[in-house]
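Along the sequence shown, residues are numbered consecutively beginning with 1. The figures here come from the full heavy-atom set of this structure, side chains too, leaving out hydrogens, waters and symmetry mates. Order of listing sets the numbers, starting from 1, for every ligand and every atom in it.
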Amino acid sequence: MNITKVVVRQMKMGLKHPFTTSVGTEQYKDVILVEVQSENGYSGWAESVAINEPIYNEETVHTNWPIMKQFLLPKLWEASLTHPSEIAIRFESVRGNFNAKAAVEQAVWDLYAKEKGISLKEALGGEYTQIQVGVSIGITDSIDKLIGKIDSHTKKGYKRIKVKIMPGWDVDVLAAIRKKFPDIELMADANCAYTLQDVKHLQKLDSFNLTMIEQPLAHDDIIDHAVLQRLLKTPICLDESLHTYEDVRKAVNLGSCRIVNLKVGRVGGLTETLKIHEFCREKGVPMWCGGMLETGIGRAHNVALSTLSQFTYPGDTAPSSHYWKKDIITPEVTMENGVIQVPEKPGIGYEVDVDYIDSLTDRKEVFTRDQDA
Ligand SMILES: O=C(O)CCC(=O)C1=CC=C[C@@H](O)[C@@H]1C(=O)O
Ligand SMILES: [Mg+2]
């Protein structure tokens, strides 16, 4: 693959519904899109999951741009590529900045698959022809409103309901949910809202038959999570704490988690995702695809990686219509009876609506091989 041009865009899309977690509320998304073009005329696409403020991790759309421009994109020109995994090696000298690295690396994976004429699922070694879909419901103004949302989403066929919890919005909420929905597959995401001082309180969650409790403690911890897991019956799933294969290896070996939420943007891309997947497969650790309110381009990547064999739990991979009035891909990602049919077309398998993207674009920069990036 000879990459000749890269287009970086920042666009704004309004979410259909504000999304509230223990760390804040998102009403819209500023999204950085990366398009890599090859001399053969193909375009590979991906998006950064970085948001406007450093509340989920330390990156933002504002940090992504200079890191891509100064340190990542010039590495694309170093030599031609035979496989996208070579990008991850070139990016090793750049510390952190996993969202930015992933967006560039994933776009190269899409380009690679399109040049080969195979789906991204096939390029990754995926197996499933359809994926089970879960939905993540943000914190609401009242328990009744949350119950109403769970009811409507359950009727839409979602295979798993994820609710957000935090101190003061947890035990009563889960008790009300279980009273109304005793049998649904239910999990809770705390987004780092508790500490080891809350152990006694967190042990009350064991009575709600949750499939997992996601990221109860600090975003940069695996030690306290190992202490907590030994005191809980419910499996802990980690999200924010896991940035690399090494983090996952240590967390699993320490007993900090029994389930892994895999967000390709959090771990720096699909090559690292495959390393983590292989480790979890060998250790028998179940995985699922986490979401970052992606547009259709990021969603398409998530659908493809959810076909890997160890992704045995429904992911946060709701269809386009759950988030957007109009998505930036055609067809949009749709769901029937709680499953998404995995596209078999080359690359991410959906057409990118470039005209619509350009109508939403606030900033755009073109980088070429013979330019000082
Ligand atoms: O994309 C989705 O539907 C999942 C959304 C979601 O749960 C999250 C999005 C962004 C950051 C987090 O607050 C949270 C998560 O922790 O998974
Ligand atoms: Mg999470």
Side-chain angles (χ1 to χ4, degrees), residues 13 15-31 47-61 98-99 102 131-140 146 149-150 153 156 158-166 169 186-194 210-221 225 235-243 247 251 257 259-267 287-303 305-306 313-324 327 333 335 338 340:
M13 279 178 79
L15 281 162
K16 258 178 159 173
H17 313 291
F19 186 77
T20 300
T21 71
S22 64
V23 290
T25 298
E26 288 186 68
Q27 315 251 4
Y28 63 89
K29 280 210 83 182
D30 280 314
V31 188
E47 79 179 69
S48 167
V49 296
I51 53 180
N52 250 340
E53 299 168 297
I55 54 176
Y56 171 76
N57 66 355
E58 74 293 345
E59 292 183 79
T60 69
V61 293
F98 297 105
N99 299 169
I131 63 166
Q132 310 278 313
V133 187
V135 66
S136 175
I137 303 174
I139 292 173
T140 52
L146 180 61
K149 284 191 171 207
I150 294 172
H153 286 95
K156 284 179 185 163
Y158 284 102
K159 299 293 186 190
R160 177 268 283 145
I161 298 290
K162 165 167 141 178
V163 294
K164 297 292 178 176
I165 59 171
M166 56 191 271
W169 181 268
L186 179 66
M187 65 173 282
D189 186 357
N191 289 110
C192 320
Y194 298 91
L210 300 176
T211 48
M212 64 193 90
I213 299 173
E214 188 181 345
Q215 198 70 40
L217 309 180
H219 68 94
D220 55 356
D221 167 80
H225 278 101
I236 288 176
C237 169
L238 289 180
D239 172 359
E240 288 89 335
S241 294
L242 304 177
H243 299 94
D247 286 348
C257 65
I259 301 171
V260 168
N261 165 333
L262 192 290
K263 292 180 178 177
V264 55
R266 188 191 72 225
V267 301
M287 304 170 77
W288 55 280
C289 180
M292 293 293 284
L293 311 175
E294 289 90 344
T295 72
I297 288 175
R299 199 155 302 281
H301 279 269
N302 288 349
V303 169
L305 72 89
S306 298
Y313 277 102
D316 284 342
T317 51
S320 299
S321 60
H322 177 68
Y323 304 90
W324 318 111
D327 207 342
V333 176
M335 173 181 87
I340 291 171

If you draw a 6.0 Å radius around NE2 in His243, do more than 12 non-hydrogen atoms from other residues or ligands fall strictly inside?
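Enclosed.
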Hey, could you give me the OH/CZ distance between Tyr313 and Arg160, rounded to the nearest 0.5 Å?
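Those atoms lie 10.5 Å apart.
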For Val49, side-chain contact (heavy atoms from CB on, under 4.5 Å) partners two or more places apart:
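Val49: side-chain contact (heavy atoms from CB on, under 4.5 Å) contacts with Asn99, Met292, Glu294.
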So, the side chain of His153 versus the backbone of Ile161: is there a donor-acceptor pair under 3.5 Å, distance only?
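Here the side-chain-to-backbone pair does not exist.
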Option passing side-chain contact (heavy atoms from CB on, under 4.5 Å) with Val31 (candidates Leu293, Thr295, Ile297):
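By the side-chain contact (heavy atoms from CB on, under 4.5 Å) criterion, Val31 pairs with just one of Leu293, Thr295, Ile297: Thr295.
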Whether Asp316 and Arg299 form a salt bridge (side-chain N of Lys/Arg under 4.0 Å from carboxylate O of Asp/Glu) is what I want to check.
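So Arg299 does not pair with Asp316 through a salt bridge.
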Identify, chain by chain and in numerical order, each protein residue with a heavy atom under 4.0 Å from an atom of ligand 1.
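Under the 4.0 Å cut-off, ligand 1 touches Phe19, Thr21, Tyr56, Ser136, Lys162, Lys164, Asp189, Asn191, Glu214, Asp239, Glu240, Lys263, Gly291, Met292, Leu293, Asp316, Tyr323.
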Name all residues meeting the salt bridge (charged side-chain N to carboxylate O under 4.0 Å, His left out) criterion together with Asp221; count only those two or more places apart in sequence or in a different chain, and write none if there are none.
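With sequence neighbours excluded, Asp221 shows a salt bridge (charged side-chain N to carboxylate O under 4.0 Å, His left out) to no residue whatsoever.
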Looking only at side-chain N and O atoms, does Asn191 offer a donor or acceptor that is under 3.5 Å from a partner on Glu240?
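Per modelled atom types, Glu240 and Asn191 side chains form a pair under 3.5 Å.
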Closer than 2.8 Å to the Mg ion (ligand 2): how many protein N, O or S atoms are there?
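The number of such protein atoms is 3.
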Member of Asp247, Asp239, Asn57 meeting the side-chain hydrogen bond (donor to acceptor under 3.5 Å, both in side chains) criterion with Arg266
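For Arg266, the side-chain hydrogen bond (donor to acceptor under 3.5 Å, both in side chains) test succeeds with only one of Asp247, Asp239, Asn57, which is Asp239.
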